Peer 1: 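Quick one: structure below, then a few questions.
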Amino acid sequence: MLFTDAHGRAVMDLTTAETVGTVATCTVAPSPARIAGVRLKTRGRTHHTLDWQNIRSFGPDAVVVEDSGRIRDEKEIAPADHAHATHDPVGKAVLTETGHNRGAVLDIEFDEQTGLVSHLLTEEERIPGGRLLGVGSYAVVVTAPP
């Protein structure tokens, strides 16, 4: 699945059957490359994140969380935590470990059951998720192609 296809999808609390937000963006962690958190658009001015391990299902119509109490306020997430907004790769430059620019991340292809990232998509290529080394405030770093 492409993450852009999930943008705007409702996030439902299983215990109350209430919509607690909608999918806005995601954060990514390396080794193995995976979705670390789903950033939510919620009511009010605060931003919230749902850690991937707290997602019960990522369905075609909604993302289901067991308990909305597991949604974290982004102000409480440390920058070193892969769920922090710093680790959102979309729109960031992709640099190889040798310093070559490979474009900017346009989308993320991932498995909605496991959260594993299969590819980072740029304007010109599909970079396998296994090449992801890290995501920072400026860029996404990947291994150089063989």
Side-chain angles (χ1 to χ4, degrees), residues 1-44 46-97 102-143 145-146:
M1 157 179 266
L2 295 177
F3 203 83
T4 53
D5 292 340
H7 182 78
R9 191 170 294 181
V11 178
M12 302 287 298
D13 180 324
L14 184 62
T15 59
T16 64
E18 297 287 327
T19 299
V20 295
T22 58
V23 173
T25 63
C26 69
T27 60
V28 174
S31 300
R34 66 200 180 284
I35 304 293
V38 175
R39 298 180 68 214
L40 308 178
K41 181 178 181 182
T42 58
R43 291 182 217 172
T46 58
H47 298 282
H48 294 88
T49 296
L50 177 59
D51 293 338
W52 183 266
Q53 68 263 20
N54 292 324
I55 293 175
R56 175 141 182 207
S57 65
F58 205 102
D61 299 313
V63 174
V64 178
V65 59
E66 190 81 37
D67 176 11
S68 62
R70 296 181 184 234
I71 297 170
R72 299 194 288 166
D73 187 318
E74 285 192 350
K75 290 183 240 171
E76 299 170 4
I77 302 173
D81 186 325
H82 289 293
H84 190 272
T86 299
H87 303 282
D88 177 358
V90 176
K92 292 181 181 168
V94 178
L95 301 175
T96 66
E97 73 219 301
R102 309 299 291 187
V105 177
L106 298 177
D107 210 341
I108 301 161
E109 187 175 28
F110 73 104
D111 182 304
E112 62 269 20
Q113 300 299 315
T114 65
L116 292 174
V117 173
S118 55
H119 293 93
L120 299 172
L121 306 176
T122 69
E123 302 91 355
E124 299 179 15
E125 66 181 309
R126 295 173 73 223
I127 300 169
R131 290 181 43 204
L132 179 68
L133 295 174
V135 180
S137 59
Y138 170 71
V140 175
V141 180
V142 298
T143 59

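Starting from 1, each residue takes its place in the sequence as its number. What you see is a predicted model; the values in this text were computed from it and never measured.
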Peer 1: Side-chain contact test, heavy atoms from C-beta onward, threshold under 4.5 Å: evaluate it for V135 versus T86 and give yes or no.
Peer 2: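 No, every pair of side-chain atoms sits at 4.5 Å or beyond.
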Peer 1: Is there a donor-acceptor pair closer than 3.5 Å between any side-chain N or O of H119 and the backbone N or O of L121?
Peer 2: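 Between the backbone of L121 and the side chain of H119 there is no qualifying donor-acceptor contact (under 3.5 Å).
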Peer 1: What closest approach, in Å, do P32 and R34 show between heavy atoms, and which atom pair accounts for it?
Peer 2: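 Closest pair (atom of P32, atom of R34, distance): O-NH1, 2.9 Å.
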Peer 1: When rounded to the nearest 0.5 angstrom, what distance separates CG in L50 from CD1 in I55?
Peer 2: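 Here the rounded value is 4.5 Å.
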Peer 1: Identify the heavy atoms of A29 and H82 that sit nearest to each other, and give their distance.
Peer 2: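 Looking at all heavy atoms of both residues, the shortest contact is CB-CG, 3.4 Å.
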Peer 1: Within a strict 4.5 Å, meaning less than it, do heavy atoms of the D51 and R70 side chains meet?
Peer 2: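 They are not in side-chain contact.
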Peer 1: Please report the C-alpha distance between E97 and T143 in whole Å, then the side-chain angles of each, then the deciding distance to 0.1 Å, and finally whether the side chain to side chain contact (heavy atoms under 4.5 Å, CB included) criterion is met.
Peer 2: CA-CA 5 Å; E97 73 219 301; T143 59; 3.5 Å; yes
Peer 1: Determine yes or no for a side-chain-to-main-chain donor-acceptor pair under 3.5 angstrom, with H7 supplying the side chain and A24 the backbone.
Peer 2: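 Yes, the answer is positive, given that a donor and an acceptor are paired below the 3.5 Å cut-off.
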Peer 1: Measure the NE2-NZ distance between H48 and K41 for me, rounded to the nearest 0.5 Å.
Peer 2: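 Separation between the atoms: 14.5 Å.
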Peer 1: Rounded at 0.5 Å granularity, tell me how far OG1 in T22 sits from CZ in R43.
Peer 2: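 Nearest 0.5 Å value for the OG1-CZ distance: 11.0 Å.
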Peer 1: Below 4.5 Å, heavy atoms only, C-beta onward: do P145 and E125 meet side chain to side chain?
Peer 2: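 Counting from C-beta outward, P145 and E125 never come under 4.5 Å.
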Peer 1: Mind checking side-chain contact (heavy atoms from CB on, under 4.5 Å) for V20 and listing every partner two or more places apart, or none if nothing turns up?
Peer 2: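 Only V11, D13, S68, I71 meet the side-chain contact (heavy atoms from CB on, under 4.5 Å) criterion with V20.
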Peer 1: Okay, side chain of K92, backbone of G136: is any donor-acceptor separation there less than 3.5 Å?
Peer 2: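 Here the side-chain-to-backbone pair exists.
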Peer 1: Rounded to the nearest 0.5 Å, what separation is found between the OG1 atom of T27 and the CD1 atom of I108?
Peer 2: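 Between atom OG1 of T27 and atom CD1 of I108 there are 9.0 Å.
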Peer 1: Please name the pair of heavy atoms, one in A139 and one in L95, separated by the smallest distance, quoted to 0.1 Å.
Peer 2: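 Closest pair (atom of A139, atom of L95, distance): CB-CD1, 3.9 Å.
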Peer 1: Between CZ of F3 and CG of L120, what distance do you get to the nearest 0.5 Å?
Peer 2: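 Those atoms lie 13.0 Å apart.
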Peer 1: For the residue pair V38 and V63, establish whether any side-chain heavy-atom pair is separated by less than 4.5 Å.
Peer 2: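 With C-beta onward as the side chain, the pair stays apart.
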Peer 1: With sequence neighbours excluded, tell me which residues meet side-chain contact (heavy atoms from CB on, under 4.5 Å) with E18.
Peer 2: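 Applying side-chain contact (heavy atoms from CB on, under 4.5 Å) to E18 gives T16.
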Peer 1: For F58 and E112, which heavy atoms make the closest approach, and how far apart are they?
Peer 2: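 Scanning both residues, the minimum pair turns out to be CB-O, 3.4 Å.
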Peer 1: Show the nearest heavy-atom pair for residues A62 and M12, with the distance to one decimal.
Peer 2: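 Heavy-atom minimum between the residues: CB-CG, 3.9 Å.
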Peer 1: Only one of E76, R72, E74 passes side chain to side chain donor-acceptor pair (under 3.5 Å) with T49; say which it is.
Peer 2: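 That would be E74.
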Peer 1: List the steps and the verdict of side chain to side chain contact (heavy atoms under 4.5 Å, CB included) for E123 and L106.
Peer 2: CA-CA 7 Å; E123 302 91 355; L106 298 177; 4.0 Å; yes
Peer 1: Please report the shortest heavy-atom distance between L132 and A33, naming the atom on each side.
Peer 2: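 Looks like CD2-CB, 3.9 Å.
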Peer 1: Would you say N54's side chain and E66's backbone share a donor-acceptor pair under 3.5 angstrom?
Peer 2: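 Not confirmed, N54 side chain does not pair with E66 backbone.
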Peer 1: Taking the side chain as every heavy atom from C-beta outward, state whether L133 and P30 have any pair of such atoms under 4.5 Å apart.
Peer 2: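 Side-chain contact under 4.5 Å: no.
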Peer 1: Is a donor on one side and an acceptor on the other found under 3.5 Å between the side chain of D73 and the backbone of K75?
Peer 2: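 At least one qualifying donor-acceptor pair exists.
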Peer 1: Report the distance from atom OG1 of T25 to atom CG of L40, rounding to the nearest 0.5 Å.
Peer 2: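 If we round to the nearest 0.5 Å, T25:OG1 and L40:CG are 9.0 Å apart.
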Peer 1: Angle class for the W52/F110 ring planes (parallel below 30°, perpendicular above 60°, tilted otherwise)?
Peer 2: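 Answer is perpendicular, since the angle exceeds 60°.
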Peer 1: Would R102 and T96 count as a side chain to side chain contact (heavy atoms under 4.5 Å, CB included) if you check the C-alpha gap in whole Å, the side-chain angles of each, and the deciding distance to 0.1 Å?
Peer 2: CA-CA 7 Å; R102 309 299 291 187; T96 66; 3.7 Å; yes
Peer 1: Short question: side chain of R126, backbone of S118 - any donor-acceptor pair under 3.5 Å?
Peer 2: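 Such a contact is absent between R126 side chain and S118 backbone.
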